[in-house]
Amino acid sequence: MNNQQQKIVVLNQKSMGVSFLLTFFFGPLGMFYSTVLGGVVMLVVSVFVFIVTIGLGTLLTWPICIIWAAIATSSHNKRAINSINNY
């Protein structure tokens with residue numbers, strides 16, 4: 001007799017589009033969707049750079065936030081898929 005169990009897996013993936021839009025419009029605050037630690041780090045860095053450069057540093061920190069959020073979202077989704085494959 002073949003006793004195979006059916007498995008139902010619920011996968012919690014994050015949307016790359018939502019991650020991009022939130023970070024594009026809200027910068028470090030938008031990063032909290034994809035990475036909380038990254039959001040905290042970039043929020044502190046962005047505020048410091050904003051004050052020191054009178055706002056011009058935002059031209060550098062904002063794109064860094066977007067790239068970091070995209071990488072964090074991709075990494076989260078890969079970990080979620082790998083955890084299912086290892087189950």
Side-chain angles (χ1 to χ4, degrees):
M1 200 176 250
N2 192 358
N3 291 333
Q4 289 186 349
Q5 293 180 337
Q6 182 179 8
K7 296 178 184 177
I8 298 174
V9 178
V10 178
L11 182 63
N12 185 17
Q13 287 191 319
K14 295 183 179 183
S15 168
M16 186 65 75
V18 170
S19 175
F20 173 79
L21 287 175
L22 286 172
T23 311
F24 182 79
F25 288 115
F26 302 111
L29 293 176
M31 288 182 69
F32 282 100
Y33 172 76
S34 55
T35 170
V36 175
L37 179 61
V40 170
V41 169
M42 285 308 294
L43 186 62
V44 170
V45 169
S46 294
V47 167
F48 176 76
V49 170
F50 183 85
I51 292 169
V52 170
T53 64
I54 312 167
L56 292 176
T58 307
L59 296 173
L60 177 66
T61 60
W62 213 269
I64 292 171
C65 289
I66 294 171
I67 293 167
W68 190 344
I71 292 170
T73 301
S74 176
S75 176
H76 168 80
N77 291 340
K78 285 179 185 176
R79 280 193 314 270
I81 290 172
N82 285 340
S83 69
I84 288 173
N85 292 336
N86 294 333
Y87 185 74

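- The CD1 atom of I64 sits 11.0 Å away from the CG atom of L59 when rounded to the nearest 0.5 Å.
- Using a 4.5 Å heavy-atom cutoff, the side chains of L43 and L29 are in contact.
- A69 approaches T23 most closely through the heavy-atom pair CB-OG1, 3.3 Å.
- Across all non-hydrogen atoms, the minimal contact from W62 to F26 is CZ2-C, 3.6 Å.
- Counting non-hydrogen atoms of neighbouring residues, nucleotides and ligands closer than 6.0 angstrom, the CG atom of L56 exceeds 12 such neighbours.
- In this structure, H76 contributes its side chain and N12 its backbone to a donor-acceptor pair below 3.5 Å.
- S46 approaches C65 most closely through the heavy-atom pair OG-SG, 4.3 Å.
- Atoms CD1 and CG, from I66 and L22 in turn, are 11.0 Å apart once rounded to the nearest 0.5 Å.
- Of all the heavy atoms in T73 and S19, the pair that sits closest is OG1-OG, 2.9 Å.
- Considering CG of L37 and CH2 of W68, their distance stands at 6.0 Å, rounded to 0.5 Å.
- Using a 4.5 Å cut-off between side-chain heavy atoms of Ile, Leu, Val, Met, Phe, Trp and Tyr, with links allowed through other members, F20 and V36 fall into the same hydrophobic cluster.
- Although no hydrogens or angles enter the test, the distance criterion places a donor-acceptor pair under 3.5 Å between the side chain of K14 and the main chain of Y33.
- Hydrophobic clustering (ILVMFWY, side-chain heavy atoms < 4.5 Å, transitive): M16 and L21 are in distinct clusters.
- For the atom pair OG of S74 and CD of Q13, the computed distance is 10.0 Å after rounding to the nearest 0.5 Å.
- Side-chain N or O atoms of S75 include none that pairs as donor or acceptor with a backbone N or O of I71 at under 3.5 Å.
- How far CG of L60 is from CZ of F50: 14.0 Å, rounded to the nearest 0.5 Å.
- Between G57 and V49, the shortest heavy-atom contact is CA-CG1, 3.4 Å.
- Within the 3.5 Å criterion, the main-chain N or O of M31 finds a donor-acceptor partner in the side chain of S34.
- No path of Ile, Leu, Val, Met, Phe, Trp and Tyr side chains, each step under 4.5 Å between heavy atoms, connects I51 with V44, placing them in separate hydrophobic clusters.
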